[in-house]
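Notes for the one structure printed next.
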Amino acid sequence: MSKIRAIITAVEGYLPKDVIDNEMLSRMVDTSDEWIMSRIGIKTRHILKGDKGPSDMAKIVVDNILQKKNISPDEIDLIICCTVTPDMPFPATANIIADKCNIRKGFGFDINAGCSGFIYGITTGTKYIESGFCKKVLVIGAEKMTAIVNYEDRTTCPIFGDGAAGVLLEASEDSPYGVIDEVLHADGVGVKHLHQVAGGSCHPATIETVMNRQHFIYQEGPAVFKWAVTKMADVTEELLEKNNMKKSDIDFLLPHQANLRIIKATGERLELKDEQILINIDRCGNTTSATIPMLLYENQDKFKKGDNLILTSFGAGFTWGSVLVKWAL
Ligand code: COA
């Protein structure tokens, strides 16, 4: 029996032009460039201004993918939008992107897996292809995190930024390249440490929820840190073992970008050299579901055909996972 694989055949990304740097933040809250750089590793983050949403950034990403591949919107079977900051509670932002990009022959939905959104999304898209149900799948991570950042909370406001990036997955028979394997995990013990209280059906918007700033990110940083600092390496080791691979088989690590100290600790555990660990947190901050596809987009010229890429993340839920991609381009 031949095996159908999902291959990444295009990657695009978009960052809004406006940025907030640490000097600007230190005029808003009691912080400093020195503290943010030493504790988190972020210099600037991009911000999407006005009433634009993730779908507006994702439209640019999708249009560029379709144009580059010379593909008609009618050929897209499925669009998955990974986001915790949807344009609106419903319908899915995937449907809004599809409308803006004139994708009308397929179907789509959103995935909310916190910062692991893209890892869950690429796994889901891959399964739709491997089962033979779809041939062309778009997986987009798109976030307007600055819409839910409390700019009075100095422990969370330096971390997050906006952006969108995504991939086209295409079916290929018996290819040695593509998305090879995945391991995903979740543990609801993390709900209490990282969430947004209001805006859902338990606590719909009221004057009180707004006054109490409950529509913003609530994060207990040190509790999240403790989990994040080990889980990306743990799950990557699990993925390597499942595939009879060694740490030395990894060519590049594309880790979620939440804190430079977490990224470095993960790279050290996996015995990787600095140049193998891809980083953009200094320029982009944590763009949640967009961090990993943005790393793919920015570094694609570095990858050689057959390189083993490890995509790994940890995020709200808690959720975490790792994906092995054998680069095909
Ligand atoms: N500027 C200056 N000082 C700050 C500050 C800021 N922006 N934010 C916090 N501090 C202070 C605190 O008040 C505290 O002071 P104290 O010791 O007098 O009480 C001190 O710095 C240390 O705070 P702490 O919260 O322990 O800092 P930290 O080193 O844990 O860093 C985070 C905070 C949020 C950067 C870190 O915990 C983190 O990255 N957590 C994980 C985030 C993550 O992975 N999220 C995944 C989600 S996707």
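Just so it is clear, the structure is predicted and the values come from calculations on it, not from any experiment. As the structure lists them, so they are numbered: ligands from 1, and atoms in each ligand from 1.
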Point to revise | Name of the residue among N286, N22, D21 meeting side chain to side chain donor-acceptor pair (under 3.5 Å) with R45 | key: N22
Practice item. Would you verify that at least one protein heavy atom lies under 4.0 Å from atom 2 (C) of ligand 1, or report that none does? Key: yes
Review point. Looking at atom 18 (O) of ligand 1, is any protein heavy atom nearer than 4.0 Å to it?
Key: no
Practice item. Could you list the atoms of ligand 1 found under 4.0 angstrom from a heavy atom of D30? Key: 1 (N), 2 (C)
Check your understanding: Does the distance from a Lys or Arg side-chain N to an Asp or Glu carboxylate O, for D87 and K144, drop under 4.0 Å?
Key -> no
Point to revise | Cationic N near anionic O, under 4.0 Å, D307 to K302 | key: no
Review point. Considering only the protein, which heavy-atom contact is closest to atom 29 (O) of ligand 1, and what is its distance?
Key: R39 NH2, 2.8 Å
Review point. Does any N or O atom in Q219 lie less than 3.5 angstrom from one in ligand 1, N or O only?
Key: yes
Check your understanding: Got a protein heavy atom sitting under 4.0 Å from atom 21 (O) of ligand 1?
Key -> yes
Study note, to complete from the structure: The closest protein heavy-atom partner of atom 43 (C) of ligand 1 is V224 CG1, 3.6 Å
Practice item. Report yes if the distance between the aromatic ring centroids of Y128 and F107 is under 6.0 Å, otherwise no. Key: yes
Review point. Please state which protein non-hydrogen atom is closest to atom 28 (P) of ligand 1 and give its distance, to 0.1 Å?
Key: R261 NH2, 4.0 Å
Practice item. Could you tell me whether R5 and E130 have a side-chain N and a carboxylate O separated by less than 4.0 Å? Key: no
Check your understanding: Any Lys/Arg nitrogen of D56 or K100 sitting under 4.0 Å from an Asp/Glu carboxylate oxygen of the other?
Key -> yes
Review point. Who's the nearest protein heavy-atom neighbour of atom 12 (C) of ligand 1, and how far?
Key: R154 NH2, 3.9 Å
Check your understanding: If you measure from each non-hydrogen atom of W35 to ligand 1, which part falls under 4.0 Å: side chain, backbone, both or neither?
Key -> side chain
Check your understanding: Once the angle between the rings of W227 and W320 is folded into 0 to 90°, is it parallel (under 30°), tilted (30 to 60°) or perpendicular (over 60°)?
Key -> perpendicular
Point to revise | Charged N-O contact under 4.0 Å between K43 and E23 | key: no
Study note, to complete from the structure: The closest protein heavy-atom partner of atom 39 (O) of ligand 1 is N259 ND2, 2.7 Å
Revision key, fill the gap. If you scan protein heavy atoms around atom 26 (O) of ligand 1, the nearest is P222 CG, 3.7 Å
Review point. Is the closest heavy-atom distance from I159 to ligand 1 below 4.0 Å?
Key: yes
Practice item. Applying salt bridge (Lys or Arg N to Asp or Glu O under 4.0 Å), run through K3 and E173 and close with a yes or a no. Key: CA-CA 6 Å; K3 156 107 182 156; E173 275 195 32; over 6 Å; no
Practice item. Run the contact test for T288 against ligand 1 with a 4.0 Å cut-off on heavy atoms, strictly below, and give the result. Key: no
Check your understanding: Does a salt bridge link K247 with E237, judged by any charged N lying under 4.0 Å from a carboxylate O?
Key -> yes
Practice item. Considering heavy atoms of the protein only, find what lies nearest to atom 35 (C) of ligand 1 and give residue, atom and distance to 0.1 Å. Key: I40 CG1, 3.6 Å
Revision key, fill the gap. Shortest non-hydrogen pair, G121 vs C82, comes out as CA-SG, 3.8 Å
Revision key, fill the gap. At under 4.0 Å between heavy atoms, what of N286 touches ligand 1? The answer is side chain
Study note, to complete from the structure: For I262, the ligand 1 atoms with a heavy-atom partner under 4.0 Å come out as 44 (O)
Review point. Can you tell me if G114 has a non-hydrogen atom under 4.0 Å from ligand 1?
Key: no
Point to revise | Verify atom 14 (C) of ligand 1: protein non-hydrogen atom under 4.0 angstrom away | key: no
Practice item. Mark up the atoms of ligand 1 that fall under 4.0 Å of a heavy atom belonging to L194, in ascending order. Key: 47 (C)
Study note, to complete from the structure: The closest protein heavy-atom partner of atom 48 (S) of ligand 1 is C115 SG, 2.4 Å
**Study point:** G221 N/O to ligand 1 N/O under 3.5 Å
**Key:** yes
Exercise for review: Would you mind listing which atoms of ligand 1 come within a distance below 4.0 Å of any non-hydrogen atom of T31?
Suggested key: 1 (N), 2 (C), 6 (C), 7 (N)
Review point. Of the backbone atoms (N, CA, C, O) and the side-chain heavy atoms from C-beta on, which set of T156 has a member under 4.0 Å from an atom of ligand 1: side chain, backbone, both, or neither?
Key: neither
**Study point:** Geometric N/O contact H256 with ligand 1, under 3.5 angstrom
**Key:** no
Practice item. Can you establish whether the number of heavy atoms outside Q276 located under 6.0 Å from its atom CD is more than 12? Key: yes
Check your understanding: Heavy atoms only: which of I42, T319, T155 is nearest to atom 9 (C) of ligand 1?
Key -> T155
Review point. Would you call K135 and E75 a salt bridge, using N to O less than 4.0 angstrom?
Key: no
**Study point:** Under 3.5 Å side-chain donor-acceptor pair for T209 and H215
**Key:** yes
Check your understanding: Does the side chain of E143 pick up a donor-acceptor pair with the side chain of S289 at under 3.5 Å?
Key -> yes
